[in-house]
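Notes follow once the structure below has been shown.
FYI, the numbering just counts along the sequence from 1. Each ligand, and each atom within it, is numbered from 1 in the order the structure gives.
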Amino acid sequence: MVQVWNPNGKYRVVSTKPMPGTRWINLLIEQDCRVEICTRKKTILSVEDIIALIGDKCDGWLSCVYVSVFQLTEDWGETLFSALSRAGGKAFSNMAVGYNNVDVNAANKYGVAVGNTPGVLTETTAELAASLSLSAARRIVEADEFMRAGLYDGWLPNLFVGNLLKGQTVGVIGAGRIGSAYARMMVEGFKMNLIYYDLYQATRLEKFVTGMSVTYAEFLKANGEQPVTWKRAASMDEVLREADVISLHPILDKTTYHLVNKERLAIMKKEAILVNCSRGPVIDEVALVEHLKQNPMFRVGLDVFEDEPYMKPGLADLKNAVVVPHIASASKWTREGMATLAALNVLGKIKGYPVWSDPNRIEPFLNENVPPPAASPSIVNSKALGK
Ligand SMILES: NC(=O)c1ccc[n+]([C@@H]2O[C@H](COP(=O)([O-])OP(=O)(O)OC[C@H]3O[C@@H](n4cnc5c(N)ncnc54)[C@H](O)[C@@H]3O)[C@@H](O)[C@H]2O)c1
Ligand SMILES: O=C(O)[C@H](O)CO
């Protein structure tokens, strides 16, 4: 049930799951850590399971399981942080960029550093959002099922007619790292016009699209095509009204819970495509199921669900929904990099290293040919802990 590496290591680091690659294990072993990896088949561990794993001596705690706050399991709050602290644990890291499953105030109370893994999953997650956009627009899953069922008996003018992306408007809600990467892909790749909404101005994205639309505009015009346009929306509703494809990329907190609800679904275009690779509860999934039933031309691509791992009743039966099991960050390079960043977050705390200055620039930690910087790549509560 628990695999142990370097049993005589001075510091104990526990991972709730086997994580991809071996670099993360080697980096910990090189620094005198004993690495314990829980190999239980159970996907989501309960608070009791985790307390048993923590035991009574734990210098770092590495969790690779992300769970939504709406699941009661692996909800890192008061109980787990106090157990970790009693065992001498000083650090915890999600193997994820999102940390809505973590009660950071509870971690602060016990002086536990909370790590996450930004940056390394930006492009991979954006690529999945792009894949879902295309799959929904061109009805790939429905068509695949049709072929496998042996139903194809010849080309027909009306067979699986979907939406063209070129020249349409892509809307991004939450234009942070992943939202911006997705926006660039859709503008560059499919010549879509962009409208975005975020609490803050996405300066780098704007510069990119502006630069691109200026030089690219000449090229497109010279080739008899329309240049792409972009704008920052004053409200989220403006994006919902105007865009043909909308992708959600905000964090999950109380401001984004059920951000897309019945009323907001109603203002979207009847043939719009909605993609969610952020967190399930950003959409009111019951309202979404009803909307999909009432509007068969409205399509969704979902990587995340409100009650993960479950889907709300009715969703699985709908042809206008493409659903995948929270795999947005699942490329080999990214998952191995996430494991490395998570391990280095706890190792940095064990070694007393400072926190890396810019969690958006984590490349130096990912170069396998040189030792990583002596720093924790990303600790979300470093200020609260006075680091
Ligand atoms: N499905 C997956 O496997 C997967 C993978 C990676 C990340 N994620 C999710 O994506 C989220 C975003 O990741 P990121 O690295 O781009 O983070 P980020 O912090 O760079 O971007 C989040 C953006 O959301 C914006 N935002 C916050 N509240 C908002 C609101 N009320 N309205 C509009 N915008 C708001 C922020 O200003 C920020 O620009 C993560 O927190 C995580 O939950 C999911
Ligand atoms: O927040 C995250 O990083 C995802 O949910 C897992 O990749």
Item to complete: Examine the proximity of ligand 1 to Val304 and report which part, side chain or backbone, both or neither, has a heavy atom under 4.0 Å away.
Response: side chain
Discussion item. Classify the ring geometry of Phe298 against His291: parallel below 30°, tilted from 30° to 60°, perpendicular beyond 60°.
Written reply: perpendicular
Worksheet entry | Donor-acceptor pair, side chain of Asp244 and main chain of Thr169, under 3.5 angstrom | yes
Discussion item. I'd like to know if the side chain of Thr334 pairs up with that of Ser331 as donor and acceptor (distance under 3.5 Å, no hydrogens or angles considered).
Written reply: yes
Item to complete: Using non-hydrogen atoms of the residue, decide whether Met95 is closer than 4.0 angstrom to ligand 2.
Response: no
Discussion item. Measuring only between side-chain heavy atoms, which start at C-beta, is Leu128 closer than 4.5 Å to Leu132?
Written reply: yes
Fill in: Option of least heavy-atom distance to atom 32 (N) of ligand 1 (set: Tyr196, Tyr257, Tyr99, Tyr197)
Tyr197
Response to the item:
Between the CZ atom in Arg299 and the CG atom in Asn163, the distance rounded to the nearest 0.5 Å is 5.0 Å
Worksheet item: Purely on distance, is any nitrogen or oxygen of His326 under 3.5 Å from one on ligand 1?
Response: yes
Worksheet entry | Within-shell test, Leu252 vs ligand 1, heavy atom, strictly < 4.0 Å | no
Worksheet item: Hey, does Asp303 come in under 3.5 Å of ligand 1, counting only N/O atoms on both sides?
Response: yes
Worksheet item: With backbone taken as N, CA, C and O and side chain as the heavy atoms from C-beta onward, which portion of Thr125 lies under 4.0 Å from ligand 2: side chain, backbone, both, or neither?
Response: neither
Discussion item. Any nitrogen or oxygen of Arg177, side chain or backbone, less than 3.5 Å from one on ligand 1?
Written reply: yes
Worksheet item: Trp230 and Thr210: side-chain donor and acceptor closer than 3.5 Å?
Response: yes
Discussion item. If we ignore hydrogens and angles and just use 3.5 Å, is the side chain of Asp56 paired with the main-chain N or O of Ala87 as donor and acceptor?
Written reply: no
Worksheet item: If you measure every N/O of Cys277 against every N/O of ligand 1, is any gap under 3.5 Å?
Response: yes
Worksheet item: For ligand 2, is there an N or O atom under 3.5 Å from any N or O atom of Thr117?
Response: no
Worksheet item: Can you tell me if Asp198 uses its side chain to pair, donor with acceptor, with the backbone of Tyr200 under 3.5 Å?
Response: yes
Fill in: ligand 1 N/O within reach of Ile178 N/O, cut-off under 3.5 Å
yes
Discussion item. Under 4.0 Å, counting heavy atoms only: does Ser278 come that close to any atom of ligand 1?
Written reply: yes
Worksheet item: Going by distance only, is there an N or O of Asn100 that falls short of 3.5 Å from an N or O of ligand 1?
Response: no
Worksheet entry | Under 3.5 Å: donor-acceptor pair, side chain of Asn345, backbone of Asn116 | yes
Item to complete: Using distance alone, determine whether Thr125 and ligand 1 share an N or O pair under 3.5 Å.
Response: no
